[in-house]
Amino acid sequence: MTIRTRFAPSPTGFLHIGGLRTALFCWLYARGRAGRYVLRIEDTDLERSTPEAIQQILDGLAWAGLAHDEGPFYQTQRFDRYREVLDELLAQGRAYRCYCTKEELEQMRNEQIARGQKPRYDGRCRERSAPREGIPPVVRFKNPTEGSVVVNDVVHGPVEFQNRELDDLIIARSDGSPTYNFCVVVDDMDMRITHVIRGDDHLNNTPRQMNMLTALGYTPPVYAHLPMILGPDGTKLSKRHGAVSVLQYRDDGFLPEALLNYLVRLGWSHGDQEVFSIEEMIRLFDIADVNKSAAAFDPEKLAWLNQQHLMRVPLERLIAPLREQLAHLSIDAADDAQLMAIAAVQRERAKTLKEMAANSLFFFRAPERYEAKATRKHVTAEVLRALEALIEDLRAVSDWSAPTLHALLHAQCERHALSLGKIAQPLRLAVSGGTVSPPIDATLAILGKVETLRRVERALSAWRADLFAQANRI
RNA sequence: GUCCCCAUCGUCUAGAGGCCUAGGACACAUCCCUUUCACGGAUGCAACCGGGGUUCGAAUCCCCGUGGGGACGCCA
């Protein structure tokens, strides 16, 4: 039988980290065993569902690369079908109309809580034959009152629920619209879902759904309830923990495979391996290997993984997102080859593409000033003499490449009996304004001959004036 | 309150009775490499929630506590 999984978000907010991991596990499981991954939008809550949220979810999933094989299906477009199943249940006496008012239910709940009991509907309308005037009824599922339901959860093992703990849940509101637990049941059945992989918070819903499925003559699917993801402080993940939407991670300069890699390692592992390509995840992942306990989200490890992926991914992959990040810094980087060269030397010195862009700003913009402290430290009369000699060499270079420049620098250092650092640092200052950059030869190579000479000449004249003023003052 | 779930370094995890002197990774510290910053390498710091059992032997199995989480809606 073909394995069929589904991701079923409700569009009442952004797609967040937890949702993305659920989607990832569903996707990996289906992909790894020639199955089908279905996307279903659970938008039965007309009040809170928004088209913007739907778009956000779709965009987030698309960015992550978790393409669905079927769907997206919208529950709001399946109301006729739910109605049909509802009537079937009603006709079979598996469901009944309940005329209790919200006030009565509220009162019932309060009394039960006061008595220290679990609030639950007492089934008083089960045997009611006559409707109550003026009260539009809801429909409740007639849950078994005896025995128990065992959820053979793939990650938790068997979990037993007593039917007496469950009550007759509402499956259609008084306005006739179906509720979540009922739609899920009908959809999972109709879409022939074989594996329901979802958050831990749904474990308690499972016995009810299984009872309904059974009442409909359908064998329940396999269930796998994933542990929750907690914030870095161990409490429930929320907005104050930073990124809410997965799209925020894109904007912050993360690679989707890095995020996915981080997420797959939350509750799952494969020996000592930390870095996984998408292909490896698909090949190695198994829902049965997932942990039971909740995991805290660690932004530091995500950042480390992102760098690991930045260093492994084909360089071309970095061009577009790096350009995008530079655009946010008002840099219009048109040249693919140049961006690739920059990414090649910067990727081992940046955790994110955003950081890479910031570190690479100087390639596009000449420094306006030179770090004062570093200038005092690295710029001396002796260094100036060496640089002046070097610039002559540079002017004469026809093959402007890192190896050539490297040789030139070395030669000049030897001539002046200086270590390479003595000359590399002031050069860095001259071209970048600071003391941090990729290897100086590579940096100059990327910058190009014209721009390098312009910047070095400008720095030299500024520093000459400085030294002269200093000498006169003393 | 009732029901359900969970429990190994600060964090993510390995561990399915002896291989555990509890392994790896992030973070942190020190050192090496070095042209700055990184990358990389080495070393160090650091954990089985508590108590009872079962067993020759328990991080691993059972029970009870404790702590954390979830559910209990005409939300999903």
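Below, read A as the first sequence line, B as the second, and so on, with proteins coming before strands; counting in each chain starts at 1.
Contact annotation for A:Ser437: base contact, defined as any heavy-atom pair under 4.0 Å involving a base atom. Contacts of A:Ile113 with the nucleic acid, taken as non-hydrogen atoms under 4.0 Å apart, are absent. Residue contacts for A:Pro438: at a heavy-atom cut-off of 4.0 Å it reaches a base atom on one of the strands shown. Counting non-hydrogen atoms under 4.0 angstrom, A:Gln307 reaches the backbone sugars and phosphates but no base. In this structure, A:Phe161 reaches the sugar-phosphate backbone alone: every heavy-atom distance under 4.0 Å involves primed, P, OP1 or OP2 atoms, never a base. A:Gly267 comes within contact range of the sugar-phosphate backbone alone, with a heavy-atom separation under 4.0 Å but no base atom that close.
The partner of B:C39 cannot be assigned: no Watson-Crick or G-U wobble pair with both contacts below 3.5 Å exists in any strand. Checking B:A25 for Watson-Crick or G-U wobble geometry (two distances, each under 3.5 Å) identifies B:U11 as its partner. Of the nucleotides present, B:U2 is the one that pairs with B:A71 by Watson-Crick or G-U wobble criteria, both distances under 3.5 Å. Pair assignment for B:C49 gives B:G65, based on Watson-Crick or G-U wobble hydrogen-bonding distances that are each under 3.5 Å. Taking a pair to require two hydrogen-bonding distances under 3.5 Å in either a Watson-Crick or a G-U wobble arrangement, B:G17 remains unpaired.
Residue A:Tyr262 is the one, among A:Tyr262 and A:Leu420, whose nearest nucleotide of RNA chain B lies closer to the 5' end (criterion: closest heavy atom).
Here, B:A29 and B:G65 have their P atoms 44 Å apart, quoted to the whole Å. Spacing of P atoms, B:A47 relative to B:U8, comes out at 14 Å, to the nearest Å. The C1' atoms of B:A27 and B:C9 are separated by 12 Å, rounded to the nearest whole Å. Atom C1' of B:G73 sits at a distance of 47 Å from the matching atom of B:G17, rounded to the whole Å. Nucleotides B:C3 and B:C45 have their P atoms positioned 46 Å apart, rounded to a whole Å. Separation of the C1' atoms belonging to B:U43 and B:C62 is 42 Å when rounded to the nearest angstrom. Rounded to whole Å, the C1' atom of B:U21 lies 33 Å from the corresponding atom of B:C39. Distance check on atom P: B:G24 versus B:C4 gives 39 Å, rounded to whole Å.
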**Request:** Between protein and nucleotides 22-32 of chain B, map the contacts as a letter string: B base, S sugar-phosphate only, - none, heavy atoms under 4.0 Å, written 5' to 3'.
**Result:** -BBBSS-----
**Message:** I need a per-nucleotide contact map over nucleotides 64-76 of chain B, read 5' to 3'. Cutoff is protein heavy atoms under 4.0 Å; write B for the base, S for backbone only, - otherwise.
**Reply:** ------BSBSBBB
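Between B:U13, B:C6, B:U35, one nucleotide has an atom nearer to the side chain of A:Ser293 than all others, and that is B:C6.
A:Ile170 has its side chain out of reach of A:Phe141: every pair of non-hydrogen atoms, C-beta onward, lies at least 4.5 Å apart. The shortest distance between side-chain heavy atoms of A:Cys26 and A:Ile197 falls below 4.5 Å. Looking only at side-chain heavy atoms (C-beta outward), A:Arg6 and A:Met191 stay at 4.5 Å or farther from each other.
Ring centers of A:Trp463 and A:Tyr370: under 6.0 Å apart, within the cut-off. Taking the six-membered ring for Trp and the full ring otherwise, A:Phe7 and A:His68 have centroids separated by 6.0 Å or more.
Residue side chain A:Arg349 does not reach the base of B:C39 through any donor-acceptor N/O pair under 3.5 Å, judged by distance alone.
A salt bridge does not link A:Glu104 with A:Arg109: every distance from a Lys NZ or Arg NE/NH1/NH2 to an Asp or Glu carboxylate oxygen is 4.0 Å or more.
For the residue pair A:Arg78/A:Gln75, the side-chain donor-acceptor check at 3.5 Å is not satisfied. Side-chain contact annotation: A:Asp200 with A:His156, donor-acceptor N/O pair under 3.5 Å present.
Geometrically, A:Arg265 does not engage A:Tyr262 in a cation-pi contact, judged by NZ or CZ lying under 6.0 Å from the ring centre and within 45° of the ring axis.
Classified by interplanar angle (parallel below 30°, tilted 30° to 60°, perpendicular above 60°), the ring pair A:Phe25/A:Phe285 is tilted. Taking the six-membered ring where tryptophan is involved, the planes of A:His270 and A:Phe276 are perpendicular, since the angle between them exceeds 60° and thus also 30°.
Between the CG atom of A:Leu226 and the C1' atom of B:C5 there is a distance of 13 Å, rounded to whole Å.
Between A:Asn291 and B:A14 there is a side-chain polar atom (N or O) within less than 4.0 angstrom of OP1 or OP2.
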